[in-house]
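Encoded as structure tokens, the structure appears first; notes follow it.
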Number of protein chains: 2
Amino acid sequence: MCHGKSCHHRRPRCPQGKIERFIEPCLLLLLSEQTSHGYELLENLEHFGIDPRCQDPGQVYRYLRRMEKEGLVVSEWEPGESGPARRSYRITGDGLAFLNSWVKTLEARVSIINKMLARYHKNQG
Amino acid sequence: MCHGKSCHHRRPRCPQGKIERFIEPCLLLLLSEQTSHGYELLENLEHFGIDPRCQDPGQVYRYLRRMEKEGLVVSEWEPGESGPARRSYRITGDGLAFLNSWVKTLEARVSIINKMLARYHKNQG
DNA sequence: TCCTTTTATATGTTATATACATATAGATGA
DNA sequence: TCATCTATATGTATATAACATATAAAAGGA
């Protein structure tokens, strides 16, 4: 993954049109499947089509800490199997409920974008 | 529409998950269909499922001015049929091209969100 | 042993975007 | 004349994302 000091990759400039706070429901979904820690979650965001090089690692850690403060997840330190200790996160009941409401929001968003795209394509056709 | 001083409607608190700068492609799409002015565009955003009470009118005018500065649209003052003068906007070639690239971006976003939603629903099923 | 890389977490600062509030003014009609 | 509708615009605060950097344990090679 190379986020270390020696890595000089530049994250590509990511274009507009991001979904605000989208990594939040993604993290909650991953945690609804199994407990995990920041670094692993960062890698697994890739499964959602989020280029990990596009993703600011700092943001992931900040979201996790915030979600814990809000009671959506809980964490505890855990010795690393190989490597340094990790903060292991587990989703709570509130977290699951919040994920459900996020899903409704996202479905509404998709429907709005699709309405716009349909109108665009109708004009072209 | 009641945006006047005497209107005490409060815009409902709109939840997270907005698509960043989404009104920009919506405005460009509307302008690709016909020239229009800010106030009319504001009302027509409703057709995209955007609650006009959720939409800050000031944002619409700011986006129009910015897009003009960027050469995506051009404007000229026009006497109002009834009511005050309007700034009438027309889309440019650059604006049409930009709309096309926005559409690609939005299609990519939809596919990412759908991937996430599919995974969520698979877990529930 | 020293140095580099990988794994892992965290925060400071700046830039951008949105939300909220308000100012201005011409036209219309009671 | 006074309220309302139409119409455009900007000031400011807050939220979000982007960019940069700090820290440190463990693993492995020279």
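In what follows, every chain begins at residue 1, and chains take the letters A, B, ... in the order their sequences are listed. On a predicted model such as this, the values are computed, not experimentally measured, just so you know.
- Nearest to the side-chain atoms of A:Asp56 among the listed nucleotides D:dA17, D:dA27, D:dC19 stands D:dC19.
- The nucleotide whose nearest atom lies closest to any side-chain atom of B:Tyr39 is, among D:dA7, C:dT9, D:dA25, D:dA7.
- Here B:Gln59 lies in heavy-atom contact (under 4.0 Å) with a base.
- Residue A:Arg65 places its side chain closer to C:dA10 than to any other of C:dA10, C:dT18, D:dA26.
- Going from atom CG of B:Leu42 over to atom P of D:dT6 covers 11 Å, rounded to whole Å.
- Projected onto DNA chain C by closest heavy-atom contact, A:His37 and B:Gly58 fall at different nucleotides, the more 5' of which corresponds to A:His37.
- Rounded to whole angstrom, the span from the CD1 atom of B:Ile23 across to the P atom of C:dA17 amounts to 12 Å.
- To the nearest angstrom, P of D:dT6 lies 12 Å from CD of B:Glu40.
- Between the side chain of A:Glu68 and the backbone N or O of A:Ser75, at least one donor-acceptor pair lies under 3.5 Å.
- For C:dT18, one of the phosphate oxygens OP1 or OP2 lies less than 4.0 angstrom from a side-chain nitrogen or oxygen of B:Tyr63.
- Distance alone, capped at 3.5 Å, places no donor-acceptor pair between the B:Ser88 side chain and the B:Glu76 backbone.
- A donor-acceptor contact shorter than 3.5 Å links the side chain of B:Thr105 to the backbone of B:Ser101.
- A cation-pi geometry, defined here as NZ or CZ lying under 6.0 Å from the six-membered ring centre and within 45° of its normal, does not hold between B:Arg86 and B:Tyr39.
- Regarding A:Ile19, its CD1 atom lies at a distance of 10 Å from the P atom of D:dA17, rounded to whole Å.
- A salt bridge is defined here as a Lys NZ or Arg NE, NH1 or NH2 lying under 4.0 Å from an Asp or Glu carboxylate O, and A:Arg119 with B:Glu33 meets this definition.
- Nearest-nucleotide positions on DNA chain D place B:Arg86 closer to the 5' end than the other of B:Arg86 and A:Gly83.
- Note on A:Gly38: only backbone sugar-phosphate atoms sit closer than 4.0 angstrom, heavy atoms only; bases stay farther off.
- For the pair A:Pro84 and A:Arg66, nearest-nucleotide mapping onto DNA chain D gives the more 5' position to A:Arg66.
- Among the nucleotides C:dC20, D:dA9, C:dA10, the one closest to any side-chain atom of B:Arg87 is D:dA9.
- Going from atom CD of A:Glu43 over to atom P of C:dA8 covers 8 Å, rounded to whole Å.
- For the pair B:Arg21 and C:dT16, the criterion of a side-chain N or O lying under 4.0 Å from OP1 or OP2 is not met.
- Regarding contacts with the backbone of C:dT9, a side-chain N or O of A:Tyr61 is found under 4.0 angstrom from either OP1 or OP2.
- Rounded to a whole Å, the CD atom of A:Glu20 is 12 Å from the P atom of D:dA18.
- When rounded to the nearest whole Å, the span between OH of B:Tyr89 and C1' of D:dA7 equals 12 Å.
- Look at CD on A:Glu68: it is 13 Å from C1' on C:dT9, rounded to the nearest Å.
- Using a cutoff of 4.0 Å between basic side-chain nitrogens and carboxylate oxygens, A:Lys104 and A:Glu107 are not scored as salt-bridged.
- Taking only distance into account, the side chain of A:Arg62 meets the base of C:dG12 through a donor-acceptor pair shorter than 3.5 Å.
- Closest to the B:Lys18 side chain, of the nucleotides C:dA17, C:dA19, C:dT7, is C:dA19.
- Residue-level contact check: B:Phe22 touches neither bases nor backbone, having no heavy atom under 4.0 Å from any strand.
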